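From a predicted model like this one, the values you see are computed outputs, not experimental measurements. Residue numbers begin at 1 in each chain, while the letters A, B, ... track the order of the sequences.
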Number of protein chains: 2
Amino acid sequence: MGKGHRCMARAGLDRHTLVLAAAELADAHGMEEVTLAALAAKLGVRSPSLYNHINGLPGLRTLLAVHGLERLYEVMSAATEGVSGEAAVHAMSQAYIGFARQHPGLYQTTLKAPEQGDTTLEAAGGKILSLILQVLSGFGLDEEGKLHAVRGLRSILHGFSTLEQQGGFGMPLDLSVSLTRLIRTYIAGIRCMGAEADSPE
Amino acid sequence: MGKGHRCMARAGLDRHTLVLAAAELADAHGMEEVTLAALAAKLGVRSPSLYNHINGLPGLRTLLAVHGLERLYEVMSAATEGVSGEAAVHAMSQAYIGFARQHPGLYQTTLKAPEQGDTTLEAAGGKILSLILQVLSGFGLDEEGKLHAVRGLRSILHGFSTLEQQGGFGMPLDLSVSLTRLIRTYIAGIRCMGAEADSPE
DNA sequence: ATATTTTAACTAATGACATTAGTTTTGAGG
DNA sequence: CCTCAAAACTAATGTCATTAGTTAAAATAT
């Protein structure tokens with residue numbers, strides 16, 4: 001139904017519409033500007049009306065996190081389709097960084113809220129974890145080694161994304177080259193260390 | 001007139017005191033709780049009084065970032081004193097992660113504000129960059145390779161810190177082991193790749 | 001010592017925001 | 001047509017940052 005100009009018909013909002021609009025705000029203006037006031041203005045309603053669909057600003061942030069993780073999983077999963085080994089790691093990494101570049105605000109929300117008992121959020125994160133685990137198969141790592149490697153790769157990808165986005169890399173040096181080299185170096189390390197003994201520090 | 005000396009009136013506040021108090025707030029309760037209202041309450045004054053010393057909340061955040069970077073540089077520098085090679089990389093990394101663990105709020109501010117023209121902030125970041133560059137010497141990297149490696153190591157350290165702090169690592173696996181393995185793997189990668197040709201992607 | 005200047009503190013006021021409570025209106029089902 | 005739950009609204013409260021203008025104390029000059 002049409003968007004009334006005044007205090008007219010219902011706006012026909014639902015939770016999903018709110019999340020999509022909030023994601024647009026986040027990517028366009030940054031997460032600081034994702035306020036209920038701005039979201040309500042964008043949707044043509046008053047702020048309190050949003051409470052019919054979401055659980056306040058914290059609730060919206062959680063929904064954004066889940067949405068972001070699901071979208072992130074999609075691009076990562078699509079990128080690794082039919083690829084394996086080192087090529088899969090590179091493809092997945094490019095997809096991850098690309099997502100963060102294309103959706104800076106939404107990406108930021110994905111790390112926000114590890115609330116306890118939020119099964120949807122945990123599930124969304126779990127799918128990404130499984131995907132990375134799968135991509136890291138075939139490098140001769142045992143189960144524990146794979147888990148450590150997942151942490152390593154996630155650290156690399158998240159750290160690179162964050163530093164890139166807020167200009168932490170001030171040096172005039174090609175970012176794509178940096179990323180490719182970083183991933184290649186990490187994989188080479190996994191390969192080179194595979195044969196060695198696990199020397200304690 | 002000479003402006004080199006301080007003139008303290010009633011409560012004896014100055015910029016440094018404010019920054020220290022704000023850093024305590026940040027580490028104790030998180031950056032969201034670092035408000036001018038909370039800071040003023042902690043210091044026993046009213047919020048507007050703080051404007052005599054800082055440039056509003058954005059100014060305070062910038063000061064916190066500089067302070068955090070300087071403290072971070074101190075621990076990183078101290079850790080690498082008299083060490084070199086792989087041991088220096090490990091020591092520096094442990095110091096970095098340790099700082100982030102001990103000062104979660106202050107660490108968070110160090111990435112916050114890359115404002116333009118802020119020379120003190122750039123200087124503080126530059127010192128850390130130089131230190132990492134120095135630690136990465138002696139691995140047979142050329143100049144460009146070293147710059148890429150700095151980006152890599154910073155990504156690793158920042159990504160690991162962030163994910164660790166907000167519980168992104170949900171798995172029941174020793175964090176110290178993960179970090180040590182990650183650094184060791186990265187260094188091994190640098191070593192193993194040193195001889196190879198720079199194959200394009 | 002007294003006067004002047006500087007400045008750090010204050011009070012008061014404004015505007016943005018989130019949130020709650022209570023009210024009206026809408027749209028769908030009986 | 002009537003009823004009812006949901007979705008929108010208005011009104012109100014409280015927190016926060018920020019600005020303007022005031023007061024008083026410390027530092028400095030006379």
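For Arg46(B), the side-chain atoms get nearest to dC10(C) when compared with the rest of dC10(C), dA18(C), dA17(D).
Taking atom CG of residue Leu18(A) and atom C1' of nucleotide dA7(D), one finds them 12 Å apart after rounding to whole Å. Atom C1' of nucleotide dC16(D) and atom CG of Leu57(A) are separated by 14 Å, given to the nearest angstrom. Counting to the nearest Å, the P atom of dA8(D) and the CG atom of Leu43(A) are 10 Å from each other. Rounded to whole Å, the distance from CZ on Arg61(B) to P on dC16(D) is 13 Å. Atom CG in Leu13(A) sits roughly 16 Å away from atom P in dT26(C) (whole-Å rounding). Distance CG (Leu39(B)) to P (dT15(D)): 18 Å, rounded to an integer number of Å. Taking atom CG of Asn55(B) as the reference point, atom P of dA17(D) lies 14 Å away to the nearest angstrom. Glu32(B) places its CD atom 13 Å from the P atom of dA17(D), with the value rounded to the nearest Å.
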(message) I'd like to know whether Phe99(B) forms a ring pair (Phe, Tyr, Trp, His ring centres under 6.0 Å) with Tyr73(B), so could you lay out the CA-CA distance, the side-chain angles of the two residues, the decisive distance to 0.1 Å, and finally the verdict.
(response) CA-CA 10 Å; Phe99(B) 179 83; Tyr73(B) 172 78; over 10 Å; no
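Annotation for Ser155(A) and Leu182(B): closest pair CB-CD2, 4.1 Å, computed over non-hydrogen atoms. Across all non-hydrogen atoms, the minimal contact from Ala88(A) to Thr80(A) is O-CG2, 3.7 Å.
Considering Met76(A), Met92(A), Arg154(A) in turn, Met76(A) is the only one that fulfils the side chain to side chain contact (heavy atoms under 4.5 Å, CB included) rule with Ile128(A).
At dC9(D), one or more side-chain N or O atoms of Ser49(A) fall inside 4.0 Å of OP1 or OP2 (strictly under the cut-off). Using a 4.0 Å cut-off, some side-chain N or O of His53(A) falls inside it from OP1 or OP2 of dA8(D).
Using a 4.5 Å heavy-atom threshold, the side chains of Leu39(A) and Val34(A) count as separate.
Here Thr35(B) lies in heavy-atom contact (under 4.0 Å) with sugar-phosphate atoms only.
At distances below 3.5 Å, at least one donor-acceptor pair connects side-chain atoms of Thr185(B) with backbone N or O atoms of Arg181(B).
Side-chain atoms of Asn52(B) and base atoms of dA9(C) include a donor and an acceptor less than 3.5 Å apart.
A salt bridge links Glu24(B) to Lys42(B): one of the charged nitrogens lies within less than 4.0 Å of a carboxylate oxygen.
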Between the protein and nucleotides 20-24 of chain C, list the N/O to N/O atom pairs that are separated by less than 3.5 angstrom.
none

